[in-house]
There are 2 protein chains.
Amino acid sequence: MAEREADRSVSHTVRAQLALRDLVLSGRLRPGERISELQAVEITAVSRTPVRMALVRLEEEGLLEAIPSGGFMVKAFSERDILDSIELRGTLEGLAARFAAERGVSSRDLEPLKECLNEIDGLVRQDPISVEAFSSYVALNARFHALLTELSRSPPLIRQIDRASALPFASPSGFVMAQSALPEARQILLIAQDHHRVVVDAIENREGARAEAIMREHARLAARNLRLALRNRTHLDLLPALALVTAG
Amino acid sequence: MAEREADRSVSHTVRAQLALRDLVLSGRLRPGERISELQAVEITAVSRTPVRMALVRLEEEGLLEAIPSGGFMVKAFSERDILDSIELRGTLEGLAARFAAERGVSSRDLEPLKECLNEIDGLVRQDPISVEAFSSYVALNARFHALLTELSRSPPLIRQIDRASALPFASPSGFVMAQSALPEARQILLIAQDHHRVVVDAIENREGARAEAIMREHARLAARNLRLALRNRTHLDLLPALALVTAG
DNA sequence: GAATTCGATTCTGTATACATTTGGTATCCG
DNA sequence: CGGATACCAAATGTATACAGAATCGAATTC
């Protein structure tokens with residue numbers, strides 16, 4: 001709540017959208033809970049009009065759900081929904097990788113991607129990986145996936161991937177990986193990094209089918225890991241669980 | 001403009017959304033053209049607030065594009081965009097078919113799908129297919145794809161497919177297939193119908209990989225046909241061209 | 001004659017007032 | 001004592017008024 005006077009450049013609508021999205025992703029509003037406009041007005045400190053615009057956008061984005069009788073509530077997702085979303089995104093990113101490979105990319109376009117890979121390498125090479133390093137990894141991983149998506153040079157596909165990534169991969173704000181889970185997480189990161197390298201190689205050599213296959217495999221791994229995590233800690237909340245996936 | 005007092009049950013926002021969507025899909029507003037709120041208010045006969053809501057929704061839907069300086073314009077699509085969208089939808093529907101096959105469907109769930117197939121059969125069996133029969137086919141085909149999508153029983157995937165279908169397969173209103181193109185179109189329909197039958201068979205026998213492959217193939221055929229259609233008639237408008245695709 | 005600047009008009013963004021509908025509670029009747 | 005009905009409160013849906021920004025045109029200057 002320190003950004004009351006910050007970002008005077010952006011519109012009220014956007015500010016409201018950001019504030020309300022954070023409200024949902026932080027978990028302060030539980031799934032299924034109704035979010036009233038009055039409440040939203042108090043939180044965002046703008047009037048009802050931009051608040052309503054933000055609510056409509058968040059509904060289209062998939063974070064909220066319209067209540068038939070009026071108003072919105074935080075959308076609830078089942079474990080199945082999340083797992084499906086992971087596979088869905090993997091499929092879309094597979095298509096993006098194939099497009100990139102088939103259409104060819106210049107070495108100039110690949111440069112930022114490789115640089116991203118190297119930065120990730122630097123992080124995962126530390127053996128007892130630190131909590132901060134893991135958080136950095138999550139951000140870099142998101143960057144890698146975004147860059148890869150861009151390589152497809154297909155606006156409709158990029159748009160679709162953005163939408164598909166909106167919910168299941170929206171990193172819950174303020175979440176940090178538990179110290180105890182770090183060694184296990186590092187092993188997963190190493191495999192994921194291997195996938196990353198393979199897909200870049202496949203794109204570079206214009207092997208569309210291989211590029212697509214590896215991204216699908218990448219997603220299946222993420223789904224498997226999430227399933228295991230949910231099994232082990234019996235009542236792990238879905239929201240923090242999403243953060244695990246974000247690392248995939 | 002005869003629905004001034006019709007549909008008093010639905011909200012003004014929804015009515016405005018429908019009216020504006022029709023405005024775009026009918027081609028009365030060309031791609032790139034700006035749509036002002038005042039204009040929209042005159043057309044929809046509701047005030048600016050619900051009009052704005054409708055515009056935001058149509059933007060998220062992909063029919064409109066926000067102008068940086070404010071307001072919205074009709075989104076313009078390149079031939080590449082449309083072709084990519086077809087492949088994109090094919091990929092998503094392939095995933096849906098695989099989910100359906102892997103998770104298994106009861107014969108009760110397959111019944112409406114098979115009934116739909118039979119109805120289509122009745123249409124395409126007529127050798128000189130009529131203009132009306134072709135229009136019916138387009139509607140039935142859309143129904144088949146929707147039913148197939150539902151079989152995946154995956155809300156996130158269904159939602160995504162709906163979004164992906166929004167633009168490139170939104171049948172331009174009032175479009176009818178030219179008489180001269182009908183024989184050629186019938187050949188395409190016969191192949192498409194064959195695909196339909198194969199995918200249903202694959203799902204019934206729980207062959208996920210085969211179900212997925214055939215839907216992808218189905219999309220590739222649609223893309224190829226559109227490409228050919230655009231080549232032959234050199235300056236065929238994209239909007240009517242979309243109607244051709246809707247038959248795929 | 002062309003370009004630039006100033007001004008007016010129009011549009012969007014925002015706020016607020018009004019109306020209709022929904023949901024809840026309390027009271028009354030069976 | 002239970003259920004139904006009526007009334008009240010609150011929230012959504014809608015309309016409109018107001019302010020700031022952008023765009024277009026015209027006039028002036030170089």
Side-chain angles (χ1 to χ4, degrees), chain A residues 1 3-21 23-24 28-61 63-76, chain B residues 1 3-21 23-24 28-61 63-76:
Chain A
M1 302 227 182
E3 61 271 16
R4 186 109 312 172
E5 65 279 336
D7 284 335
R8 219 169 258 302
S9 56
V10 301
S11 70
H12 290 196
T13 301
V14 172
R15 251 190 306 171
Q17 193 174 348
L18 292 173
L20 292 175
R21 179 168 19 213
L23 186 73
V24 173
R28 276 183 290 165
L29 242 61
R30 309 296 301 176
E33 201 168 336
R34 188 192 193 119
I35 175 170
S36 78
E37 289 185 7
L38 181 64
Q39 199 181 355
V41 165
E42 282 177 7
I43 290 165
T44 60
V46 299
S47 81
R48 277 184 62 207
T49 306
V51 158
R52 280 180 71 78
M53 303 278 279
L55 289 174
V56 169
R57 289 199 133 98
L58 289 172
E59 182 208 352
E60 304 282 342
E61 198 173 309
L63 260 65
L64 300 182
E65 191 175 352
I67 300 173
S69 64
F72 299 93
M73 57 180 242
V74 179
K75 200 163 179 176
Chain B
M1 303 233 182
E3 61 273 15
R4 186 108 318 172
E5 65 279 336
D7 283 337
R8 218 169 258 301
S9 56
V10 301
S11 70
H12 290 196
T13 302
V14 172
R15 251 189 306 171
Q17 193 175 347
L18 291 174
L20 292 174
R21 183 177 5 222
L23 186 74
V24 173
R28 277 183 290 166
L29 241 63
R30 308 297 303 176
E33 200 167 337
R34 188 193 193 117
I35 175 171
S36 79
E37 290 184 9
L38 180 64
Q39 201 180 352
V41 164
E42 281 177 8
I43 290 165
T44 61
V46 298
S47 80
R48 277 184 61 209
T49 307
V51 158
R52 280 180 71 78
M53 303 274 281
L55 289 174
V56 169
R57 289 199 132 99
L58 289 171
E59 182 208 353
E60 304 283 341
E61 197 173 309
L63 260 65
L64 300 181
E65 191 175 352
I67 301 172
S69 65
F72 299 93
M73 57 180 247
V74 179
K75 199 163 178 176

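Within every chain, numbering begins at 1; the chains are lettered A, B, ... in the order of the sequence lines, protein sequences first and strands thereafter.
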Handout entry: Contact pattern, 5' to 3', of nucleotides 5-13 of chain C - B, S or - by protein heavy atom under 4.0 Å
Key = ------SBB

side-chain hydrogen bond (donor to acceptor under 3.5 Å, both in side chains) against [X], all qualifying residues, sequence neighbours excluded:
X: B:R52; value: B:E37
X: B:E60; value: A:R57, A:R163
X: B:R21; value: B:E61

Who are the side-chain contact (heavy atoms from CB on, under 4.5 Å) partners of [X], not counting sequence neighbours?
X: A:A76; value: A:P31
X: A:V41; value: A:R48, A:V51
X: A:E33; value: A:L29, A:R30

Listed pairs, N/O of protein and of nucleotides 5-7 of chain D, under 3.5 Å:
none

Problem - Interatomic spacing from NZ in A:K75 to CG in A:L58 - rounded to 0.5 Å - result: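 A:K75 atom NZ to A:L58 atom CG measures 12.0 Å (nearest 0.5 Å).
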
Exercise for the section: Test B:F72 against every option in B:I35, B:L63, B:L20 by the side chain to side chain contact (heavy atoms under 4.5 Å, CB included) rule and name the one that passes. Expected result: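 Looking at B:I35, B:L63, B:L20, the match for B:F72 under the side chain to side chain contact (heavy atoms under 4.5 Å, CB included) is B:I35.
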
Handout entry: Atom pair distance, as rounded to whole Å: CD in A:E42 and C1' in D:dA11
Key =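 Atom-to-atom, A:E42 to D:dA11, this comes out as 13 Å.
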
Practice task
For D:dA15, take OP1 and OP2 only and decide whether either is under 4.0 Å from a side-chain N or O of B:S47.
Solution key: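 Yes, within the criterion.
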
